[in-house]
Amino acid sequence: MSDARSRPATENRCPECGGATTSNGDETICSDCGLVVAADRIDRGPEWRSFEDGDESRERTGAPLTRSRHDRGLTTEIGRDTRLKGRKRRRLARMRRQHDRAQIRSKAERNRVYGFTEIRRLVGALSLPADVREQACVLFESAQDEGLFQGRSLEGFASACVYAVCRVRSIARTVEEVTEHARGDAAELRAAYDAMNRELGLSTGPIAPATYVPRYASELGVSTQVERRAMELAERVVEENLVGGRNPSGVAGACLYTAAQELDKTLTQQEAADVADVTPVTLRATYYDLQA
DNA sequence: ACGATTATTGCGTTCTT
DNA sequence: AAGAAAACAATAATCGT
């Protein structure tokens, strides 16, 4: 009867010296050379469980828990040994000082490199022009110079920079679309975006719904007549002040749907709502206003 | 922190086939 | 008649300021 629990501790041989190994529950150690053959009780990082049925979206991988610490809290420090006297002690103090400074400088550099590569990746994934990347990187540096990183995640800043550049240049991208490819989530993006908006004063006007129309139109594969009509509607909406704090993406979806309703009728609320990342309910709100 | 907007869910209704 | 789509309502969550 070989119960799995009662397997002998010397079941395996050490790969280094071939000696016998012993296990203490956490580690399997070679009794001859001391090599740790296998170790358990590892922090395997986040493992979420979703309790909503049908939810497959929880990632099993991803960044560790504390993103806002550039080094995940792993630092090297030079200790203070009170037994040391005179020269040695001063030398150690000097080393400590230099070490600290080097760490600060390299930390800023590492953060920048990390942010830039993330920005580059995002811009590529979202298929945005290259000068958006440049602008986002500049913004990233300004944020760093202002010391906004403190307590916020780099991933958030990278995605927020990309999003912010889209905003100031009136390139229609929703937060959802950015975070879909980003390593950080929407909350991190918002935290970073708010900070930059407050401290740096981004010149971001509201996005006109019309800027979303062409892209959504092609995604839905509607006729050019419908698209043109949707553009007209989108402009009428802003003229008549029907947007009023509404999600411009949803408004754009509503314009597309309304246009299709007038001409093709080959578009359901659900389809239009999907490309706009809103629900049919939201879409209806402007759809009704548009008909009046 | 607040008010407005939006998401979500469920359900009876209307339209289509 | 059956199934899909749109409508409606209530509540929770999120957004913009």
Side-chain angles (χ1 to χ4, degrees), chain A residues 48-58 143 148 151-153 155-157 159-180 182 184-213 216 219-223 226 229-230 233-234 236-292:
Chain A
W48 289 294
R49 266 199 64 193
S50 172
F51 294 96
E52 295 148 37
D53 50 353
D55 184 355
E56 310 278 329
S57 67
R58 284 300 195 203
L148 301 181
R152 290 182 264 264
S153 80
E155 286 82 358
F157 270 99
S159 56
C161 284
V162 174
Y163 176 68
V165 171
C166 288
R167 283 293 293 267
V168 300
R169 310 219 337 197
S170 300
I171 301 172
R173 289 292 183 280
T174 62
V175 179
E176 288 76 25
E177 285 169 324
V178 177
T179 46
E180 189 185 342
D185 57 27
E188 291 173 72
L189 188 153
R190 197 187 142 114
Y193 181 77
D194 287 350
M196 289 195 290
N197 211 0
R198 187 157 20 86
E199 307 293 330
L200 264 39
L202 306 168
S203 59
T204 55
I207 313 165
T211 50
Y212 285 105
V213 171
Y216 289 168
E219 267 180 61
L220 287 165
V222 296
S223 63
V226 171
R229 177 74 184 126
L233 291 171
R236 209 185 84 200
V237 164
V238 289
E239 282 169 16
E240 298 181 12
N241 291 325
L242 294 177
V243 260
R246 286 215 254 252
N247 182 351
S249 173
V251 173
C255 290
L256 253 338
Y257 173 74
T258 310
Q261 207 61 21
E262 290 174 359
L263 305 164
D264 285 324
K265 298 220 178 230
T266 57
L267 197 60
T268 66
Q269 292 181 351
Q270 186 68 60
E271 289 168 333
D274 278 345
V275 295
D277 265 327
V278 294
T279 58
V281 183
T282 307
L283 192 139
R284 270 197 286 277
T286 40
Y287 170 56
Y288 293 140
D289 291 346
L290 221 40
Q291 283 179 321

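Quick caveat, the model's predicted, so the values are computed rather than measured. Every chain is numbered from 1, with letters handed out A, B, ... down the list of sequences.
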Checklist entry - Shortest non-hydrogen contact from A:Val213 to A:Ala234? => result CG2-CB, 4.1 Å
Checklist entry - Considering heavy-atom distances to DNA chain B, does A:Lys265 or A:Asn247 have its closest nucleotide positioned more toward the 5' end? => result A:Asn247
Checklist entry - How would you label the contact of A:Asp277 with the nucleic acid (heavy atoms, under 4.0 Å): base, sugar-phosphate, or nothing? => result sugar-phosphate
Next on the checklist: Over all strands shown, is A:Thr279 touching base, sugar-phosphate only, or nothing at heavy-atom distances under 4.0 angstrom?
Outcome noted: base
Checklist entry - Separation of A:Asp264 atom CG from C:dA5 atom P, in whole Å? => result 16 Å
Item to check | Flag, side chain of A:Gln291 to backbone of A:Tyr288, donor-acceptor distance under 3.5 Å | outcome: no
Next on the checklist: Please find the pair of heavy atoms, one from A:Tyr212 and one from A:Thr174, that lie closest to each other, and give the distance.
Outcome noted: OH-CG2, 3.6 Å
Item to check | Between C:dA6 (P) and A:Gln270 (CD): distance, integer Å | outcome: 9 Å
Checklist entry - Under the 3.5 angstrom rule, does the side chain of A:Arg190 hit a backbone N or O of A:Val175 as a donor-acceptor pair? => result no
Checklist entry - What's the verdict on side chain to side chain donor-acceptor pair (under 3.5 Å) for A:Tyr216 and A:Ser249, showing C-alpha distance, side-chain angles and the deciding distance? => result CA-CA 9 Å; A:Tyr216 289 168; A:Ser249 173; 2.8 Å; yes
Checklist entry - To the nearest angstrom, how far is A:Glu271 atom CD from C:dA4 atom C1'? => result 12 Å
Checklist entry - Mind checking whether A:Cys255 and A:Val237 have side chains closer than 4.5 Å, heavy atoms only? => result yes
Item to check | Nucleotide-resolved protein contact map, nucleotides 7-17 of chain C, B/S/- at heavy-atom distance under 4.0 Å | outcome: BB------SB-
